[in-house]
Amino acid sequence: MAVIEAGEYGMTFEEQLELLTNACVDLHTLPELREKLELGRPLRVKYGADPSAPDLHLGHSVPLRKLRQFQELGHQVVFIIGDFTGRIGDPSGRSKTRPMLTEEEIAANAQTYAEQVGRILDLSKCEIRYNSEWFGSMSASQMLEIATHYTVARMLERDDFALRLRDGVPITLIEMLYPLVQAYDSVAVEADIEIGGSDQLFNLLVGRDIMRAYGMTPQVVMTWPLLLGTDGKEKMSKSLGNYIGITEPPEEMYGKLMSIPDELMAQYYHLLLDMPRSQVEAMQRDLESGKLHPREAKANLARRIVSLYHGQDAAQRAAAEFDRVFAQRQKPTDMQPILLCADDINDGTIGIIELVVRAGFAKSNSEARRLIRQGAVRVQDRVIEDEMANIEVEEGAVLQVGKRRFGRITITRGDNEHGRKE
RNA sequence: GCAGGGGUGCCCGAGCGGUCAAAGGGAGCAGACUGUAAAUCUGCCGGCGAAUGCCUACGGGGGUUCGAAUCCUCCCCCCUGCACCA
């Protein structure tokens, strides 16, 4: 999974700089970065992870891929797991209380996290640190001392604090302390550089101040844009459901990538495939002039991204499958089974509503009924419009709901357990 | 602690005794159109039911009423201002 193509070694200094700063939004500061790189030693590049959300998506992959590049250039990645803060819990954001995590949960999350990160980074070369290492044994007075180095006014400069204050959304004190805690991590691990998403800019900059307060050379801060989600409107996030997980199967990933709005392609090429700006612009010109069909550009994008996580063969197969189902309107080669057993079948038939629910394509009978009324349900390519219809049960018969959900009837013998929990 | 303003469906938000499963928007789903894109248009969007309908739901408990999301009461939570304060 080469992040950097041929010629990665023996890159000139300027080439390295260009690679590392590609797509970067904030850089504090370029002269300092040069200076650090010129030291000629492996730099300590810090990245913080939140152990409460172990599911990684392509949005997370942006900084992670950047870390990978640092790694390839011989630098030391320092991965911080924020277990100390995670254990405290925090009513952060709007009104949702972030759950307190137990040690076991954090350990489990960290494990899941590591597995996923390992798909992008060479974990054997990462230094993984838990911040309870230094905070766990810290005295209250040491903790308070950290707080002497920052003012409330400066904390309120942070956009989301300012907005929440204005809108009357509560801000707890612990939230104010978080940036300091994160900043102190940089002191503890002696970070040379800290990278993150652009939403982290404030926290990363606090790190610089706190390091200075502790008599250290401030870390260089670099941030990358937050990747927009598949809806093209909001940043990619699991809770908004507009994400593409890095562990998703190739077909799924490919399909989701094909469904992004065209306007998003440039960003995805730039951030997820490291295409330099000049090339992105060239591509956009070709799209505008009609020299390049958007569909082609998107298919190429999807194939290349899927390749990163599943290899070229899988990406190729996903692409072929996609064309088969959507361009040629054929059925997918693999369909999820709809398990039915003798109990479910009356005189060789099953009610269409029950079938749709059983297949998992509707959460309730009402929903199934609606789908049928709307002409979304097909059995063996025939639209079923009568919600009372009984369907002949045949092994291998295909149920389709909407454009993309397919299931294949599979008859099982023996007692039926699914669907009737009592 | 005092005063005032709030808590409504997945989210935002209107309703302020019956006509409320609750306006409107967003999200979601489906249909049309397409490049499974976006945009647009149409429909759906608590559960059970073939259906008249029934059940559950407007922070929680109790009450008034023929009838409560709407009124009273207690409790919980949030916000704002004032007071208090190391």
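Residue numbers start from 1 in every chain, and the chains themselves are labelled A, B, ... in the order their sequence lines are given, proteins ahead of strands. Reckoned from all heavy atoms, side chains included, excluding hydrogens, waters and symmetry mates. Only a predicted model underlies this, so the values are computations on that prediction, with no experimental measurement involved.
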- Message: Going by ring-ring contact (aromatic ring centres under 6.0 Å, His included), name the pairs with one or both residues in residues 334-360 of chain A, residues two or more places apart or in two chains.
- Response: none
- Query: Would you write out the dot-bracket form of RNA chain B, 5' to 3', with Watson-Crick and G-U pairs under 3.5 Å, [ ] for crossing pairs, | for pairs to other strands and . for unpaired bases?
  - Reply: ((((((((.[[[..)..(.....]]].(((((.......))))).(((....)))...[[[[[..)....]]]]])))))))....
- Mind jotting down which residue pairs meet the side chain to side chain donor-acceptor pair (under 3.5 Å) criterion with at least one end in residues 220-230 of chain A? Sequence neighbours excluded, please. A:Asp26-A:Thr223
- What integer number of Å spans the C1' atoms of B:G59 and B:A69? 12 Å
- Please give, in whole Å, the distance from B:A38 P to A:Leu228 CG? 15 Å
- Take the protein atom CG of A:Asn242 and the nucleotide atom C1' of B:G28, then report the distance between them rounded to whole Å. 13 Å
- Task: Would you mind telling me which residue lines up with the more 5' stretch of RNA chain B, A:Glu251 or A:Arg378, judged by nearest nucleotide?
- Result: A:Arg378
- Query: What distance, rounded to whole Å, do you find between the two C1' atoms, one in B:A21 and one in B:C55?
  - Reply: 11 Å
- What is the distance, rounded to the nearest whole Å, between atom CG of A:Leu371 and atom P of B:C29? 11 Å
- Message: To the nearest 0.5 Å, what is the distance between CD on A:Glu395 and CZ on A:Arg408?
- Response: 9.0 Å
- Query: Is any side-chain heavy atom of A:Val78 closer than 4.5 Å to a side-chain heavy atom of A:Cys126?
  - Reply: no
- Task: Please measure how far the C1' atom in B:G17 lies from the corresponding atom in B:G81, and state the result in whole Å.
- Result: 33 Å
- Sorted by chain and residue number, the side-chain hydrogen bond (donor to acceptor under 3.5 Å, both in side chains) partners of A:Glu387 (sequence neighbours excluded) come out as A:Arg369, A:Arg373
- Which whole number of Å gives the distance between the C1' atom of B:C66 and that of B:A32? 50 Å
- Item | Position toward the 5' end of RNA chain B (nearest nucleotide), A:Val401 or A:Lys298 | A:Val401
- Taking the same atom, P, in B:C20 and in B:G46, what whole-Å distance lies between them? 16 Å
- Message: In whole Å, I'd like the distance from the CG atom of A:Leu292 to the P atom of B:G35.
- Response: 16 Å
- Message: Rounding to an integer number of Å, can you tell me how far A:Glu354 CD sits from B:G49 P?
- Response: 10 Å
- Message: Check this for me, if you would: do A:Arg68 and A:Glu72 make a salt bridge, where the nitrogen-to-carboxylate-oxygen distance has to be below 4.0 angstrom?
- Response: yes
- Item | From B:G31, B:G35, B:A38, nucleotide with atom closest to A:Lys403 side chain | B:G31
- Could you give the distance separating B:U19 and B:C29 at their P atoms, to the nearest angstrom? 33 Å
Under-3.5 Å N/O pairs linking protein and nucleotides 43-47 of chain B:
from  : atom 1 : to       : atom 2 : distance (Å)
B:G43 : N2     : A:Gln374 : OE1    : 2.6
B:G43 : N3     : A:Gln374 : OE1    : 3.0
B:G47 : OP1    : A:Ser364 : OG     : 2.8
B:G47 : OP2    : A:Arg370 : NH2    : 2.6

- Query: Taking only residues two or more places apart in sequence, or in another chain, which ones meet A:Arg304 in a side-chain contact (heavy atoms from CB on, under 4.5 Å)?
  - Reply: A:Tyr269, A:Leu273, A:Met275, A:Asn300
- Item | Euclidean distance for P, B:G61 against B:U56 (whole angstrom) | 13 Å
- salt bridge (Lys or Arg N to Asp or Glu O under 4.0 Å) filter on A:Arg303, not counting sequence neighbours, yields none
- Using the test side-chain contact (heavy atoms from CB on, under 4.5 Å), find all partners of A:Leu27 that sit at least two apart in sequence or belong to another chain. A:Thr21, A:Cys24, A:Leu30, A:Leu33, A:Val220, A:Met222
- Message: Rounding to an integer number of Å, can you tell me how far A:Arg295 CZ sits from B:A38 P?
- Response: 14 Å
- Task: Just jot down the side-chain contact (heavy atoms from CB on, under 4.5 Å) partners of A:Gln336, sequence neighbours excluded, or say none.
- Result: A:Phe361
- Message: Tell me whether the NZ or CZ atom of A:Lys46 lies within the 45° cone about the ring axis of A:Phe79 and under 6.0 Å from its centre.
- Response: no
- With sequence neighbours left out, the residues meeting side-chain hydrogen bond (donor to acceptor under 3.5 Å, both in side chains) with A:Thr29 are A:Glu32
- For A:Lys291, what residues pass the side-chain contact (heavy atoms from CB on, under 4.5 Å) criterion, not counting sequence neighbours? A:Asp286, A:Ser289
- Query: How many Å lie between CG on A:Leu264 and P on B:A39, as a whole number?
  - Reply: 12 Å
- Please give, in whole Å, the distance from B:G31 P to A:Glu385 CD? 12 Å
- Message: Generate the contact string for nucleotides 50-56 of chain B. Rules: B means base contact, S means sugar-phosphate contact only, - means no protein heavy atom under 4.0 Å.
- Response: SS-----
- Query: P atom, B:C16 versus B:C71: distance in rounded Å?
  - Reply: 10 Å
